[in-house]
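Numbered from 1 within each chain, the chains take letters A, B, ... in sequence-line order. What you see is a predicted model; the values in this text were computed from it and never measured.
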Protein chains: 2
Amino acid sequence: MTTEVKQSPRERLLEAAATLTYRDGVGIGVEALCKAAGVSKRSMYQLFESKDELLAASLERRTSAYVATLLPAADDDRSPRERILHVFEQVESESGAPEFYGCPFLAAQIELKDQSHPASRVAHGVKENLTAFFRAEAEQGGASDPGLLARQLSLVFDGGSARAGIGADQLTGLIAPTVITLLDAAGVR
Amino acid sequence: MTTEVKQSPRERLLEAAATLTYRDGVGIGVEALCKAAGVSKRSMYQLFESKDELLAASLERRTSAYVATLLPAADDDRSPRERILHVFEQVESESGAPEFYGCPFLAAQIELKDQSHPASRVAHGVKENLTAFFRAEAEQGGASDPGLLARQLSLVFDGGSARAGIGADQLTGLIAPTVITLLDAAGVR
DNA sequence: ATCTTTGGAAACCGATCGGTTTTCTTTTCT
DNA sequence: AGAAAAGAAAACCGATCGGTTTCCAAAGAT
């Protein structure tokens, strides 16, 4: 079998960037990234324009796996209410993992500050997609104000992941009751 | 009059650190901090043990003004519900300012990652104090589960300030309805 | 007026930053 | 086997990092 057991340098770089920037912040050095990936700086700089582009590509790559983990499957035939709750069950269970620091996209935006940074733009798009998902479900579920509910859910999502990430609180017993209260108030049964 | 028109080097450093780390992140250089404060590095290092201690002291100094801005006055005789809403009105109005990047304490913790960093500890204490305030008001207001409500309010507080800080959303029309829904659900009238 | 303290300016330290270039080894294709 | 492409290792670049030290001017105290 000629199955690719070993990832390409490009993939190893993207994965190392995802892991290390999540754990240590976007201030991590290029040298450390390359060493972790087992790739020379020379190779890195002919695969990516700059460190900033590597970070952006790394976040971009995380996107599909991230939404796949959080969102219910496309053929999921549960109610909108249950599909929304599914997202928060996922983040609650993820938050129990030993190395959980909250949503990596939110963290990247806060650390970078600059909203025009390529990685910030990617993260911004992810956030918009999540809010759009909430909004679609809210509409389907007959929410009194779907736009408001979607924003509220995103608010709880980011707040919860941020607070869990800095060790300010546990999501257990907090996030589900909160979401249910908001769903009830919006008339989504 | 011999009123102090000019602050001490220590105060100027604390203020410069507050401003610049909030705007540019905790990765800001010592050189830039000293230049902004009009203080030599020599003086800085005999006023503070290290950059980390300066950051911690700067956050510490912000604390009193921060809670004074957010929390209602001690002699405020409004109801717990109104006193809680007061906090969110304050953050909503602050979020309209041109240079608003969300709660500086939350940002510092996320950027530093290390929870044992002296500045992280200071920030952690501020968060605990705010949650304690919410809890006391929740108890006073007869909330069905004061501990839960307090955590929910802190969740909304941090989520809102984070999302507004990264430009993901506006707090206007979002945070007040959310808090009211939670207060109503907890039975705080 | 002299002495001592304060503190700003700036050189300096080793380390690291993002990024480039050279060298040499490994792989791959023919 | 031999030529050619790829890539890892590492030196190197100027700039900046946190932090220290030297030097000298200004301010205060006696």
Side-chain angles (χ1 to χ4, degrees), chain A residues 1-59 108 111-114 116-120 122, chain B residues 2-59 108 111-114 116-122:
Chain A
M1 279 271 264
T2 53
T3 314
E4 296 289 320
V5 295
K6 179 202 289 199
Q7 297 158 337
S8 71
R10 179 163 217 278
E11 286 175 58
R12 275 180 285 150
L13 275 168
L14 290 173
E15 208 159 294
T19 303
L20 293 185
T21 61
Y22 185 51
R23 197 189 60 190
D24 301 330
V26 296
I28 184 77
V30 172
E31 194 111 25
L33 292 179
C34 289
K35 178 162 295 187
V39 171
S40 69
K41 287 170 78 176
R42 182 182 194 273
S43 301
M44 194 231 98
Y45 275 105
Q46 59 194 53
L47 286 168
F48 300 95
E49 284 241 331
S50 63
K51 177 195 174 184
D52 289 349
E53 291 299 332
L54 168 58
L55 295 188
S58 172
L59 278 194
E111 289 172 36
L112 292 171
K113 312 263 182 204
D114 177 11
S116 71
H117 189 291
S120 281
V122 174
Chain B
T2 53
T3 314
E4 296 290 319
V5 294
K6 178 203 287 196
Q7 295 158 341
S8 70
R10 180 162 215 277
E11 285 174 59
R12 274 180 285 152
L13 275 168
L14 291 172
E15 210 159 292
T19 303
L20 293 185
T21 61
Y22 185 52
R23 196 189 61 191
D24 301 330
V26 296
I28 183 77
V30 172
E31 195 110 24
L33 292 178
C34 289
K35 179 162 294 188
V39 171
S40 68
K41 288 169 76 177
R42 183 183 194 271
S43 301
M44 195 231 99
Y45 275 105
Q46 61 195 49
L47 286 168
F48 299 95
E49 284 240 331
S50 63
K51 178 196 176 185
D52 289 349
E53 290 299 332
L54 168 59
L55 296 187
S58 172
L59 278 194
E111 289 172 34
L112 292 171
K113 311 261 181 204
D114 178 10
S116 71
H117 189 291
S120 279
R121 286 195 215 272
V122 173

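Salt-bridge formation is not detected for the pair B:R10/B:E15: no Lys NZ or Arg NE/NH1/NH2 atom is positioned less than 4.0 Å from an Asp or Glu carboxylate oxygen.
Defined by atom type and a distance below 3.5 Å, a donor-acceptor pair is missing between the side-chain atoms of A:D52 and A:S50.
Rounded to a whole Å, the CG atom of A:D24 is 16 Å from the C1' atom of C:dC17. Atom pair A:L33:CG and C:dT16:C1' shows a separation of 14 Å (rounding to whole Å applied). Spacing between atom CD of A:Q46 and atom P of C:dT21 amounts to 12 Å, rounded to whole angstrom units. For the pair A:K35 NZ and D:dA9 P, the interatomic distance rounds to 9 Å; values are reported in whole Å. One interatomic measurement links the two molecules: CE of B:M44 to P of D:dG19, which rounds to 7 Å at whole-angstrom precision. Atom CD1 in B:I28 sits about 13 Å away from atom C1' in D:dG18, given to the nearest Å. Across the protein-nucleic acid pair, A:L54 atom CG and C:dG18 atom C1' stand 12 Å apart, rounded to whole Å. As a whole-Å value, the separation of A:L55 CG from C:dC17 P is 13 Å.
Put simply, the side chain of B:K51 and the base of D:dG18 share no donor and acceptor less than 3.5 Å apart. At a cut-off of 3.5 angstrom, the base of D:dT21 holds no donor-acceptor pair with the side chain of B:R42.
Along DNA chain C, the nucleotide nearest B:P9 and the nucleotide nearest A:A32 are compared for position; the residue whose nucleotide lies closer to the 5' end is B:P9. In terms of position on DNA chain D, the residue among A:E31 and B:V30 whose nearest nucleotide sits closer to the 5' end is A:E31.
Side-chain nitrogen and oxygen atoms of A:Y45 include none within less than 4.0 Å of the OP1 or OP2 phosphate oxygen of C:dT20.
Side-chain atoms of B:F48 and B:L14, non-hydrogen and from C-beta on, do get closer than 4.5 Å to each other. The closest side-chain heavy-atom distance from A:L47 to A:P9 is below 4.5 Å.
Here the nucleotide nearest the side chain of B:S40, chosen from C:dG19, C:dA9, D:dA8, is C:dA9.
A:M44 contributes atom CE, which lies 10.0 Å from atom CD of A:E49 (distance to the nearest 0.5 angstrom).
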